[in-house]
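Let me begin by presenting the structure, written as structure tokens, before commenting on it.
Just so it is clear, the values below take in all heavy atoms, side chains as well, and ignore hydrogens, waters and symmetry mates.
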Amino acid sequence: MTEQQARDVLDTTAGALAPRPDANRFVPAVAAGTAARAAIGTLALEQRHIVAADRRSFLHLAQRAAGQPRCAEFFGTLAEGETLALERLGALLTGCGLDEVAAGAYEPQAGCQAYPAYVAWLALNGEPADVVLALTANFAAWGGCCAAIAEALRTRYGFTDEACGFFDFFALPAPALRAQALAAVQEGGGRISLPAAHRYGRLLQTYELMFWDTLAVAAG
């Protein structure tokens, strides 16, 4: 697969899997300042479980892709990113008025944890190059949501820059990660099954929407 073909596959997949603009109810509520502050705390508590689980899934994908060094590099970078994100969660939890005792006592909700459960399934069963495509398409929507939340937390809820660091991290453009995804798809070439990649991406988007819908209930 040429570099241009890989780029076309990435862009076409992302376009086909983009969520409807009106599908997410939670982020607009945060952006408007109408979501309960406790719901933002719930988001942070759920992410404490999600980030740790996704990190392990990405490390496993990197191991499975050992014969595909570009794919392995992509998943290794994702795992490193989850480590950095986890380091920023503490300030967000503090900004929500939550301490380690509250975090340890929290029971995660199935609607929020369906996404990392499926990522774990992909780590065990998905062709790595197909998973690269599915995740890359999903990340575009996630980054936009994080940018909107970070801005609202500052302007609507009075959060500090440190407390917003978790969302800032995911909202930042990631050209290096995009380049790694492009190289991984190009390397994957004949291994890629577009129907499988689209199926994986569709389910990822559905489970992410389930995450936001569960939080929307908490938002009131």
Side-chain angles (χ1 to χ4, degrees), residues 1-21 23-24 46-47 49-82 85 110-146 170 173-214:
M1 183 181 293
T2 67
E3 181 177 336
Q4 185 57 52
Q5 288 174 326
R7 184 175 290 107
D8 290 343
V9 168
L10 275 172
D11 292 343
T12 301
T13 302
L17 296 173
R20 299 192 326 271
N24 190 321
E46 293 289 347
Q47 283 296 330
H49 293 271
I50 292 170
V51 171
D54 283 353
R55 179 181 178 277
R56 289 189 289 271
S57 294
F58 295 148
L59 287 172
H60 188 70
L61 277 161
Q63 290 176 345
R64 287 186 57 220
Q68 304 171 56
R70 298 296 174 261
C71 279
E73 182 182 28
F74 174 83
F75 292 122
T77 297
L78 292 186
E80 291 172 5
E82 298 297 328
C112 289
Q113 297 302 314
Y115 179 96
Y118 186 61
V119 173
W121 186 94
L122 290 176
L124 292 173
N125 298 285
E127 165 61 42
D130 292 342
V131 179
V132 171
L133 270 174
L135 286 170
T136 302
N138 178 245
F139 289 161
W142 167 248
C145 290
C146 287
F170 287 111
L177 185 63
R178 161 77 181 190
Q180 287 182 341
L182 182 63
V185 171
Q186 189 174 359
E187 175 188 64
R191 296 185 179 91
I192 290 176
S193 166
L194 288 179
H198 281 235
R199 183 187 316 123
Y200 298 160
R202 176 180 58 79
L203 287 170
L204 281 171
Q205 296 287 34
T206 301
Y207 289 133
E208 181 171 327
L209 182 58
M210 191 182 299
F211 168 81
W212 296 120
D213 281 346
T214 302

Sequence neighbours excluded, which residues qualify as salt bridge (Lys or Arg N to Asp or Glu O under 4.0 Å) partners of Arg199? none
Do the non-hydrogen side-chain atoms of Asn24 and Pro19 ever get within less than 4.5 Å of each other? no
What pairs with Asp8 under side chain to side chain contact (heavy atoms under 4.5 Å, CB included), at least two apart in sequence or on another chain? Gln4
For residues Ala72 and Ala65, report the shortest heavy-atom separation together with the two atoms involved. CB-O, 3.6 Å
Sequence neighbours excluded, which residues qualify as side chain to side chain donor-acceptor pair (under 3.5 Å) partners of Gln63? none
Please set out all donor-acceptor pairs under 3.5 angstrom arising from side-chain atoms of residues 129-139, sequence neighbours excluded.
{"unit_1": "Asp130", "atom_1": "OD1", "unit_2": "Ser193", "atom_2": "N", "d": "2.9"}
{"unit_1": "Thr136", "atom_1": "OG1", "unit_2": "Val132", "atom_2": "O", "d": "2.7"}
{"unit_1": "Asn138", "atom_1": "OD1", "unit_2": "Tyr115", "atom_2": "OH", "d": "2.7"}
{"unit_1": "Asn138", "atom_1": "ND2", "unit_2": "Gln205", "atom_2": "OE1", "d": "2.8"}
{"unit_1": "Asn138", "atom_1": "ND2", "unit_2": "Glu208", "atom_2": "OE1", "d": "2.9"}

Listed partners of Arg64 passing side chain to side chain contact (heavy atoms under 4.5 Å, CB included), at least two apart: His60, Leu61, Pro128
Show which side-chain atoms of residues 177-184 pair as donor or acceptor with protein atoms under 3.5 Å away, not counting sequence neighbours.
{"unit_1": "Arg178", "atom_1": "NH1", "unit_2": "Asp11", "atom_2": "OD1", "d": "3.3"}
{"unit_1": "Arg178", "atom_1": "NH2", "unit_2": "Asp11", "atom_2": "OD1", "d": "3.0"}
{"unit_1": "Gln180", "atom_1": "OE1", "unit_2": "Thr77", "atom_2": "OG1", "d": "2.8"}
{"unit_1": "Gln180", "atom_1": "NE2", "unit_2": "Thr77", "atom_2": "OG1", "d": "3.1"}

Can you find a pair of side-chain heavy atoms, one from Leu204 and one from Leu122, that are under 4.5 Å apart? yes
Among all residues two or more places apart in sequence or in another chain, which pass the side chain to side chain contact (heavy atoms under 4.5 Å, CB included) test with Glu80? none
Considering residues at least two apart in sequence or located in another chain, which fulfil the side chain to side chain donor-acceptor pair (under 3.5 Å) criterion with Glu127? Gln68
Heavy atoms only: give me the nearest Cys112-Ile50 pair and the separation to one decimal. O-CD1, 3.6 Å
Restricting to side chain to side chain donor-acceptor pair (under 3.5 Å), what partner residues turn up for Glu187, sequence neighbours left out? none
Of the non-hydrogen atoms in Leu17 and Gly201, which two are nearest, and what is the gap between them? CD1-CA, 3.6 Å
Please list, chain by chain and in numerical order, all residues satisfying salt bridge (Lys or Arg N to Asp or Glu O under 4.0 Å) with Glu73, sequence neighbours excluded. none
Give me the atom names and distance for the closest heavy-atom approach of Ser57 to Ala123. O-CB, 3.6 Å
Atom CD in Gln5, atom OG1 in Thr12: separation rounded to 0.5 Å? 11.5 Å
Quick one: does His49's side chain get under 4.5 Å of Gln113's, heavy atoms only? yes
Among residues two or more places apart or on two chains, list those pairs meeting ring-ring contact (aromatic ring centres under 6.0 Å, His included) that have a residue in residues 192-213. Phe26-Trp212, Tyr118-Tyr207, Trp142-Trp212
